[in-house]
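Note on naming: letters A, B, ... go to the chains in the order of the sequence lines (proteins, then strands), and numbering restarts at 1 for each one.
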Protein chains: 2
Amino acid sequence: MKRITIRDVSVRAGVSTAAVSYVLNGREGKVSPETVARVRRAAEELNYIPDLSARSLVNNKSKLIGVVIPQTEDQKQLLLQNPFYSELICGIEARLRQSGYHMILSGIEKGEGYLDTSMQRNLDGAIITGIYQESFYEDLKKVRMPIVLVDSYIYDSYFHVVGIDDELGGYMATKHLIDNGHTNIALVTGMIRKDGVVEKRFLGYKRALKEAELFYNPDHVFEHSVTYQFGQEAGKLIAAKCPEITAAFATSDLMAMGVIQGIRDEGKEVPEHVSVVGFDDISIARLCTPPLTTIKQDAVSRGIMAADRLLTAIEKSKEGLPQEPTIMPLSLIDRDTVLKLT
Amino acid sequence: MKRITIRDVSVRAGVSTAAVSYVLNGREGKVSPETVARVRRAAEELNYIPDLSARSLVNNKSKLIGVVIPQTEDQKQLLLQNPFYSELICGIEARLRQSGYHMILSGIEKGEGYLDTSMQRNLDGAIITGIYQESFYEDLKKVRMPIVLVDSYIYDSYFHVVGIDDELGGYMATKHLIDNGHTNIALVTGMIRKDGVVEKRFLGYKRALKEAELFYNPDHVFEHSVTYQFGQEAGKLIAAKCPEITAAFATSDLMAMGVIQGIRDEGKEVPEHVSVVGFDDISIARLCTPPLTTIKQDAVSRGIMAADRLLTAIEKSKEGLPQEPTIMPLSLIDRDTVLKLT
DNA sequence: CTCGTAAGGTTAAACGTTTAATCAAAGCGA
DNA sequence: TCGCTTTGATTAAACGTTTAACCTTACGAG
């Protein structure tokens, strides 16, 4: 009923608690082979399980990583409905577990109060996704723990960054449409915020247009929230009101699927009337009908990479500044939603 | 740089650490109003943040909840690709946060070692989803913390249960098809394990058939894993090899979407050639084409409910046995994948 | 005036670890 | 034999809380 403590192990092995601690932490240089064996056996027999709270108290290592993902504005619920985040989490969790760490998953209220959490829990590090106000990042720095930012263009050398080349992605998507003969290409996107990922994709979109000497028409930009619902609205508008538009680039697969539905709602077809390219390559992208042409970024790998960088930063604890951002590869997955014109 | 401790607060307020502790924990009966004020102010000014590890050490309350979800067999990755779990997590997290708890999300290796985690971390409780071998549950009981089981038919009064009436769900789905004139109805399902949720749905399926005096044909049961891929395979088989089958009930939306794709792969259409009913009503169910007819269970609500029950069990800590299982409601969402025959 | 009690504080032990400092014994070169 | 180093172990302090037990002082009742 009572907890088995290191003291119990020590008396059973007939040594001091210090010796037990040394053995259990692998500082075996300090202790003779036979004692090691005795302690090991005692711990085994008693089924000893260390108390991480106590450990954390003395050496400030909790083996706990904070993971923050965005949440819906209204409901205060995590944005896991977007498979991109689900997959990211999968990657993170797998990598952390492998090294004996655990993950505390949470959203945050308007960018506030997370340093409370991290201090209370003695977090060893954190992986942050989403964009928040500047003050939030300033707060984070105060805590002095390694932090990996995913999907963020905060150019602050304090933070580790695991990202993709969003500008390139936007360019690739748009270029693909242009290469297939499209000249009036809509952009369907979430809010374009300074230094946000969608802004970069937007810039890539414009670069592709410019390079092909196509006119950039602001009226062809549909900007609102990253939801299926808005995609659908935009799709309807495109199909109903903009006959000149023959293709759309949606900055997220979720929106792209909405766009397709919206176009259909108006009695038109994809890709016959309007071609669509998405972004992310979430797992359902190839499952929906027609299978979505999209820019693939491997969210699971990104999660693994983010966790990996965080862990090495923690274990080294060089206190040296983070290296270069890690940029994960992108590729165009050409499925069935783009029609070749001419 | 150094951590602000309760001692710092105490000296600034000019009282003992005990007084500070009393104030901060709301045992204000023990302390005069003016002292309360002084302590509050001192804590405020110093921006004091308590160390939960220390607290946990002394009173065995970590404000930490373990959440376990299944993982893929091969990759050791969480099964978050199934939106049902994502939504469940959203609900759980929202409710926990509201009460100042945090969630440790993880998968488990072949049902082993979770009691280690829970002991190490001093978990206050856990929410377990998925089905594991019996020994796992026996282990869990040893830890003596409140536990909520989601999607489980372990009839052990030690555990809290938040479930749905799976048998009824299976019945409703099948009945709906029968009511629309279908008589040869396939079942596409994950492994049917004793006392698992799919078994119940299977039983509901059989009950509906029996009630309508239809012949139960084991050859019409396609049983394997709960994946899109298997659904697709089953769909192909149905379309290609079983001309008599006019409808299918898939025990999960993910599979149902696979079935639809498989049927299409063979050049047939849904619902014209084969009708399909799914289960779960995951968020994409109404987004895919055609929108999926399915049995709706609200995963988010279930998450909230599970967390809620767990929290009350923790706070009361009556040590009394859990009450009745909570059964969440189901409803049939009639969309476009069922054809009315005759 | 004395005693009992209540109110408001404080002291110090306890929770389960880690680890610097210390100690004892043994080995060894001179 | 003497001092020095090495090896292997122990002691005790520290980490930041909570809380039972104890201590004052003041206040009434008797």
Side-chain angles (χ1 to χ4, degrees), chain A residues 1-40 42-43 46-64 100 116 118-124, chain B residues 1-40 42-43 46-64 100 116 118-124:
Chain A
M1 198 68 264
K2 263 196 69 56
R3 175 171 202 122
I4 304 294
T5 148
I6 204 175
R7 161 131 274 120
D8 300 323
V9 178
S10 78
V11 317
R12 174 170 256 253
V15 296
S16 71
T17 65
V20 176
S21 178
Y22 288 139
V23 171
L24 265 33
N25 294 337
R27 306 209 188 323
E28 299 187 10
K30 314 278 289 178
V31 54
S32 76
E34 47 194 331
T35 313
V36 168
R38 274 222 307 287
V39 169
R40 282 261 157 67
L46 292 176
N47 194 12
Y48 167 72
I49 297 172
D51 182 324
L52 296 192
S53 300
R55 194 173 282 177
S56 158
L57 190 58
V58 39
N59 64 8
N60 281 321
K61 262 102 188 67
S62 60
K63 293 256 171 185
L64 233 34
D116 280 28
S118 89
M119 296 247 63
Q120 289 178 192
R121 303 272 183 207
N122 270 310
L123 297 186
D124 289 346
Chain B
M1 198 67 265
K2 265 198 66 55
R3 177 172 200 121
I4 304 294
T5 149
I6 204 174
R7 160 132 275 121
D8 300 323
V9 178
S10 78
V11 318
R12 174 170 258 254
V15 296
S16 71
T17 65
V20 175
S21 179
Y22 288 139
V23 171
L24 266 32
N25 293 337
R27 307 209 187 320
E28 299 188 9
K30 312 280 291 176
V31 54
S32 76
E34 49 193 331
T35 313
V36 169
R38 274 223 305 288
V39 169
R40 282 259 156 68
L46 292 175
N47 194 11
Y48 167 72
I49 297 172
D51 182 324
L52 296 191
S53 300
R55 194 173 283 177
S56 158
L57 191 57
V58 38
N59 64 9
N60 280 321
K61 260 104 189 66
S62 60
K63 293 255 170 188
L64 233 33
D116 280 27
S118 89
M119 296 247 62
Q120 289 178 192
R121 304 273 183 206
N122 270 310
L123 298 186
D124 289 346

In short, V39(A) meets V9(A) closest at the heavy-atom pair O-CG1, 4.2 Å
For a quick check of understanding: with a heavy-atom distance under 4.0 Å over all strands, which category does R27(B) fall into, base, sugar-phosphate or nothing? sugar-phosphate
So what does S16(A) touch, heavy atoms closer than 4.0 Å: a base, only the sugar-phosphate, or nothing? base
Classify I49(A) by what it touches in the nucleic acid, base, sugar-phosphate, or nothing, heavy-atom distance under 4.0 Å. sugar-phosphate
Provide, to the nearest angstrom, the distance between the CG atom belonging to N59(B) and the C1' atom belonging to dT17(D). 8 Å
Reckon T35(B) touches a base, only the sugar-phosphate, or nothing at all at heavy-atom distances under 4.0 Å? sugar-phosphate
When rounded to whole Å, the CG to P distance for the pair D8(B) and dG16(D) reads 9 Å
T5(B) has a side chain; which of dT17(C), dG9(C), dG16(D) sits nearest to it? dG16(D)
Distance check needed: dC15(D) C1' versus L52(B) CG, whole Å only. 15 Å
Can you find a side chain N or O atom of S21(A) that sits less than 4.0 Å from OP1 or OP2 on dT18(C)? yes
Any donor-acceptor pair under 3.5 Å linking the side-chain atoms of S53(A) with those of S53(B)? no
From CG of L57(A) across to P of dG16(D) the rounded distance in Å is 7 Å
Check the distance between dG16(C)'s P and Y48(A)'s OH and give it to me in whole angstrom. 10 Å
Is it the case that S32(B) and T35(B) place a side-chain donor and acceptor less than 3.5 Å from each other? yes
Among the nucleotides dT10(D), dT18(D), dT10(C), which one has an atom lying closest to any side-chain atom of V15(B)? dT10(C)
Out of dT17(C), dT18(D), dT11(C), whichever nucleotide has its closest atom nearest the side chain of I6(B): dT18(D)
Nearest-Å distance for atom pair CG/P, residues L24(A) and dT18(C): 8 Å
Nearest heavy atoms of A13(B) and A42(B), plus distance in Å: CB-CB, 3.9 Å
Compare side-chain N and O positions of S56(B) against OP1 and OP2 of dT17(D) and report whether any pair is under 4.0 Å apart. no
Is the distance from OP1 or OP2 of dT18(C) to the nearest side-chain N or O of N25(A) less than 4.0 Å? yes
Below the 4.0 Å mark, does dT17(C) have OP1 or OP2 next to a side-chain nitrogen or oxygen of Y22(A)? no
Which of the following nucleotides, dT10(D), dT17(C), dG16(D), is nearest to the side chain of V58(B)? dG16(D)
Considering heavy-atom distances to DNA chain D, does R3(B) or A19(A) have its closest nucleotide positioned more toward the 5' end? A19(A)
Between N25(B) and R55(B), is any pair of side-chain heavy atoms under 4.5 Å apart? yes
Nearest heavy-atom contact between R121(A) and K63(B) is NH2-O, 2.8 Å
In whole angstrom, what separates K63(A)'s NZ from dG16(C)'s P? 22 Å
Taking CE from M119(A) and C1' from dT17(D), how many angstroms apart are they, rounded to a whole number? 15 Å
